[in-house]
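Data first, discussion second: the structure below is written as structure tokens.
In this chain, residues are counted from 1 in sequence order.
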Amino acid sequence: FLGWDGGSAATLEETGQAFGVTRERIRQVIARSLQRPPGVDLTFLKRAIACIEACIPSVPERAEAALVEAGLVREPFRLESIIATARAFEVPVPWMLESWTGGRLVVNDKASNQIRRFHTEARRRVSHYGVTRKFYVFSEFSSEMTPETADLACSVLEDLRWLDDACEWFWLSTGRNTVLSRLAKVLAVAPKLQVEVAHAAVMRDRRMSETELPIEVFRNLCITLPWCRVAEGYVIAGQGVPEFEELESAEATLIDILQECGPSLRTADLRRLAISRGIGDVFFYRLLSDSNLIVQHASDIYGLIGSD
């Protein structure tokens, strides 16, 4: 029932099934067994609880190993059993086992709050910047969180994907992602691009000016995504490329012109056609410098991305 055999603590129903008796019979046996005579020494239990508290935050296996290292038990003892025993003898436990999508940790309220705030900031940064570094997220909480806690916070995010060998840059799924929306937009027009060209296209518009995205990190991100792949230096669109935000009207018109009359045109010819369709010079020159889909082939020639 309490897991003293090395297993996990069990319910009355589960214990009764294991011994072939009723739930009520187990309750009666447990009630008599756990009657605490006056003067019973609970020093061992309290020392075990304190030993684990000193490990916070940690993975359960590390806390269980600490009990062995402290000489309190000979073999790893399940934390669930300690919690169940403490509850039975009404001994307070200042920590808990908390589950996340990618695993469990031994935490107290303070550590749990730190890890949740780390997760929130990580998703905010990935949504805004496309990817982020563990250091950048940690820097928001460095006065109250240790680097080890940041590592643990990352370890329990099931959807986190590392994008470098040093486990510093990472990506995780978010509802919105500035880099992925631009990459989907580019691949919809040019399904196969050199990694360098795709990277430059994603980073081209001025709204990406604050985004830091090393090309090797970008390459590994493309490898990670289920809807594109990287082969022989090219990013190649696969099945299920997500829909991107609708192009603004001026950009859509300029793309139509290049598809109809290009795919490459001299600047003067492109400008003349753009003006004929209602695009003023301000929008025209901004799109030449900012559009993810228009590239400069020569000093006086612009064309659709992916065109020669």
Side-chain angles (χ1 to χ4, degrees), residues 57-61 98-105 107 112 114-142 145-188 191-203 207-208 210-245 292:
S58 75
V59 294
E61 294 78 11
E98 190 161 1
S99 296
W100 279 271
T101 56
R104 299 189 307 162
L105 295 176
V107 294
S112 176
Q114 288 176 344
I115 291 169
R116 292 184 185 280
R117 289 172 61 202
F118 184 97
H119 291 170
T120 298
E121 177 63 13
R123 292 193 185 278
R124 185 196 70 81
R125 291 190 65 88
V126 169
S127 176
H128 186 74
Y129 298 108
V131 299
T132 193
R133 290 179 60 192
K134 180 175 61 179
F135 171 78
Y136 292 154
V137 182
F138 170 69
S139 296
E140 296 291 324
F141 312 105
S142 57
M145 177 186 290
T146 65
E148 292 74 20
T149 300
D151 289 339
L152 287 171
C154 290
S155 73
V156 293
L157 281 172
E158 185 179 32
D159 57 345
L160 184 146
R161 298 293 181 269
W162 294 112
L163 302 176
D164 64 337
D165 293 337
C167 293
E168 178 62 28
W169 288 92
F170 66 85
W171 168 82
L172 43 79
S173 59
T174 55
R176 177 181 177 275
N177 185 296
T178 55
V179 168
L180 299 195
S181 62
R182 285 161 175 76
L183 179 59
K185 174 182 176 181
V186 168
L187 291 179
K192 182 178 180 180
L193 287 172
Q194 290 181 326
V195 172
E196 294 80 2
V197 174
H199 175 264
V202 166
M203 298 297 292
R207 288 171 292 182
M208 299 295 286
E210 296 181 355
T211 297
E212 184 181 359
L213 183 61
I215 191 165
E216 191 59 28
V217 170
F218 174 75
R219 179 183 181 278
N220 290 334
L221 174 62
C222 294
I223 293 172
T224 298
L225 298 173
W227 43 268
C228 67
R229 60 189 177 89
V230 175
E232 299 180 350
Y234 285 84
V235 180
I236 304 169
Q239 297 293 323
V241 175
E243 295 184 2
F244 54 89
E245 295 179 4
N292 308 106

Contacts satisfying salt bridge (charged side-chain N to carboxylate O under 4.0 Å, His left out) that involve residues 126-136 (not counting sequence neighbours) are Arg133-Glu168, Lys134-Asp151

- Query: Parallel, tilted or perpendicular: which fits the ring planes of Phe170 and Trp162, with parallel below 30° and perpendicular above 60°?
  - Reply: perpendicular

Can you name the nearest heavy-atom pair linking [X] to [Y], along with the distance?
X      : Y      : answer
Val131 : Glu212 : CG2-O, 4.2 Å
Phe118 : Ala150 : CE1-CB, 3.7 Å
Tyr129 : Val179 : O-CG2, 3.5 Å
Cys222 : Leu183 : SG-CD2, 3.9 Å
His199 : Leu213 : NE2-O, 2.7 Å

Tell me if a side-chain donor or acceptor on [X] pairs with a main-chain N or O of [Y] at a distance below 3.5 Å.
X      : Y      : value
Ser99  : Arg104 : no
Asn292 : Val186 : no
Ser127 : Arg176 : yes

Practice problem: Test Thr178 against Arg207 for side-chain contact (heavy atoms from CB on, under 4.5 Å), laying out the working first. | Solution: CA-CA 9 Å; Thr178 55; Arg207 288 171 292 182; over 6 Å; no

Using side-chain heavy atoms (C-beta onward) and a distance below 4.5 Å, is [X] in contact with [Y]?
X      : Y      : result
Pro57  : Leu105 : no
Leu221 : Leu180 : yes
Glu216 : Asp165 : no
Val195 : Ile215 : yes

Sorted by chain and number, sequence neighbours left out, side chain to side chain contact (heavy atoms under 4.5 Å, CB included) with Ser142 holds for Phe138

Roughly how far, to the nearest 0.5 Å, is the [atom2] atom of [Y] from the [atom1] atom of [X]?
X      : Y      : atom1 : atom2 : result
Arg125 : Tyr136 : CZ    : OH    : 7.5 Å
Arg182 : Asn177 : CZ    : CG    : 9.5 Å
Leu172 : His119 : CG    : NE2   : 9.0 Å
Asn220 : Trp171 : CG    : CH2   : 13.0 Å
Ser155 : Ile115 : OG    : CD1   : 8.0 Å
Glu140 : Phe135 : CD    : CZ    : 10.5 Å

Kindly list each side-chain donor-acceptor pair under 3.5 angstrom involving residues 228-241, sequence neighbours excluded, with atom names and distances?
none

Inset, instruction - Establish, from distance only, whether the side-chain atoms of Ser112 and Glu98 form a donor-acceptor pair under 3.5 Å. - result: yes

